[in-house]
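Worksheet: one structure, shown below.
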Amino acid sequence: MSIVSEIEKTIDAAERLNPELNSFLSIEREHALARTAFLESSADGPLRGVAIAVKDNICTKGMRTSCGSHILHNYRAQYDATAVKRLNDAGAIIVGKTNMDEFAMGSSNESSAFGAAKNPWDLTRVPGGSSGGSAVAVASGVVRVALGSETGGSVRQPASLCGIVGLKPTYGRISRYGLVAFASSLDNIGIFGQTSRDVADVLGVIAGRDEHDSTTADVEVPDYSSMLDNDLAGKTIGIPRSLFGDGLDEEVREKVLASIKNFEELGAETVDVELPYAKYGIAVYYIIATAEASSNLARFDGVRYGFRAEEAAELRKMYFKTREEGFGPEVKRRIMLGTYVLSSGYYDAYYAKAQKVRALVKRDYVEAFKKCDAILTPTSPSVAFKIGEKSDDPISMYLSDIYTVSANLAGVPGISVPCGLSAEGLPIGVQLVGNFWSEGTLLNMAHKYENAHPLDARPSVFAG
Ligand code: GLN
């Protein structure tokens, strides 16, 4: 098929499924077809003609970039994020911007100002979050790959709940230039793929040093795709047994434990490891993430970006009214929490202490990686939950991130790969967390595993 008919097919599928799935906030037919015409006459690139969906908190020049928020509902980015620019330069074609929890705050997509995206395996369930729309766009077969973002698990958790692969790279691997900031010391761009190969191909293109983001590292970008078939013999996987206890759904435990055996059959060795501070991960994360968010979101005041409330008598009232009307309840909760933990009198007790514990969480990983190449846990404690089930209970929602937040606190990479279905036919994911800059090893392990144990089922809503 020619690039143009492939892209038309993709856009048609996106438009056809969107009323049911709500995974796209905008579908960019005109832009995509113009790009196609340009590509037909231009040189080859490694991703030439590949359709890609991009989370709506990643800037795409001239397209809406709403962050799932009313406050940016009419905001059009002035420039492309570095990741987007590199994708375009490699010949990829952005077909749309995807739904997300407002400002990436959430684990279910329900905090989007534009309604939740639906899980294509069961439309009464959440796809996970916050990058739910990107996960759904890939799981429903509309695109093979999509960009998401992670602050505490927002790529790995929805990948797990939607039965696809999701990678959060090492902090500093992919430029954050053009990713709207939530919590800058934790934020990463991540990648969803139908397979690990899809993810590897995209990572190789967008990773690496960027002069626009001083936190990107000058570390060589290996040829990830060529590492996928490496033998797993000689690789060691660490199992933190204490994390398989309370709060973990029985079916998830069973499938994830079974995957350990599968990795052994593929040649990997397993050893027990301890992550004693992991249990503080959620508490530390929700202090640091909210503190940074309260500062990052101060810029949305009705002056420079997006929505401005009308009929305010004076400037201060305009700020207040814009933020009151523009932000949803979860974002307001985070701003208040973050302001509180940073306030004088509470700063040492909360924020400063959380920073100290964060260092200990990181030290756990450094110690564990002296014994193993990757650490295996569930990605999410449960399968996809029902829409509405946790929306009135923020603490239970926050606990969905229990297995993912520590990797963000430490800055190490992690991947989620499907490892089976529940009795009800809902996907379950296994997570591998690796040492700094070991994305190649994680993709290699995930690829070997998915080839030996493919999911062998498709969601009930699927394009094609
Ligand atoms: N679910 C977590 C939160 O609500 C993580 C979000 C994310 O990774 N962006 O903050």
Side-chain angles (χ1 to χ4, degrees), residues 54-58 67-69 98-112 116-117 126-135 146-162 166-169 171 174 176 179-192 281-294 296-297 327-338 341 354 358 379-382 384-385 389-391 393-416 429 431 433:
V54 174
K55 187 175 180 179
D56 215 19
N57 60 349
I58 299 175
C67 292
S69 181
T98 58
N99 202 351
M100 56 181 286
D101 281 296
E102 186 175 1
F103 283 102
M105 297 171 182
S107 309
S108 68
N109 228 275
E110 292 164 292
S111 83
S112 167
V126 304
S130 64
S131 317
S134 286
L147 293 188
S149 73
E150 270 243 5
T151 305
S154 278
V155 169
R156 288 164 288 158
Q157 185 255 18
S160 172
L161 271 43
C162 289
L167 172 81
K168 175 204 103 70
Y171 186 81
I174 300 177
R176 289 180 294 113
L179 167 66
V180 178
F182 162 8
S184 311
S185 77
L186 299 159
D187 292 344
N188 291 255
I189 285 182
I191 306 166
F192 293 98
I282 293 281
V284 171
Y285 170 82
Y286 277 95
I287 291 171
I288 294 176
T290 56
E292 293 186 21
S294 70
N296 273 327
L297 270 58
F327 288 136
E330 183 59 31
V331 174
K332 287 177 184 159
R333 177 162 33 240
R334 305 274 179 124
I335 292 173
M336 286 190 282
L337 272 171
V341 299
R358 180 179 187 174
T379 308
S380 160
S382 71
F385 44 91
E389 193 180 320
K390 299 191 182 187
S391 37
D393 184 355
I395 300 288
S396 116
M397 187 77 87
Y398 295 174
L399 286 172
S400 329
D401 306 327
I402 193 139
Y403 293 110
T404 50
V405 290
S406 305
N408 298 74
L409 291 169
V412 291
I415 196 166
S416 180
Q431 167 175 247
V433 171

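One is the number of the first residue; the rest follow in order along the sequence. Excluded from the calculations below are hydrogen atoms, water molecules and symmetry mates; all remaining heavy atoms, backbone and side chain alike, are included. Counting starts at 1 for both ligands and their atoms, in listed order.
- The side-chain contact (heavy atoms from CB on, under 4.5 Å) check on Glu389 picks up Phe385, Lys386, with sequence neighbours excluded.
- Checking side-chain atoms of Ser160 against main-chain N and O of Gly429 turns up a donor-acceptor pair under 3.5 Å.
- With sequence neighbours excluded, the residues that form a side-chain contact (heavy atoms from CB on, under 4.5 Å) with Val155 are Ser131, Glu150, Phe192.
- Not one N or O on the side chain of Lys55 forms a donor-acceptor pair closer than 3.5 Å with the backbone of Gly132.
- Scored by the side-chain contact (heavy atoms from CB on, under 4.5 Å) test, Leu186 finds Thr151, Ala183, Tyr285, Ile288, Ala289, Arg358, Asn408, Leu409 as partners (sequence neighbours excluded).
- The contact shell of ligand 1, taken as protein residues with any non-hydrogen atom closer than 4.0 angstrom, comprises Ala104, Met105, Gly106, Ser107, Ser130, Glu150, Thr151, Gly152, Gly153, Ser154, Phe182, Tyr285, Tyr286, Arg334, Asp401.
- No side-chain donor-acceptor contact under 3.5 Å links Ser111 and Glu102.
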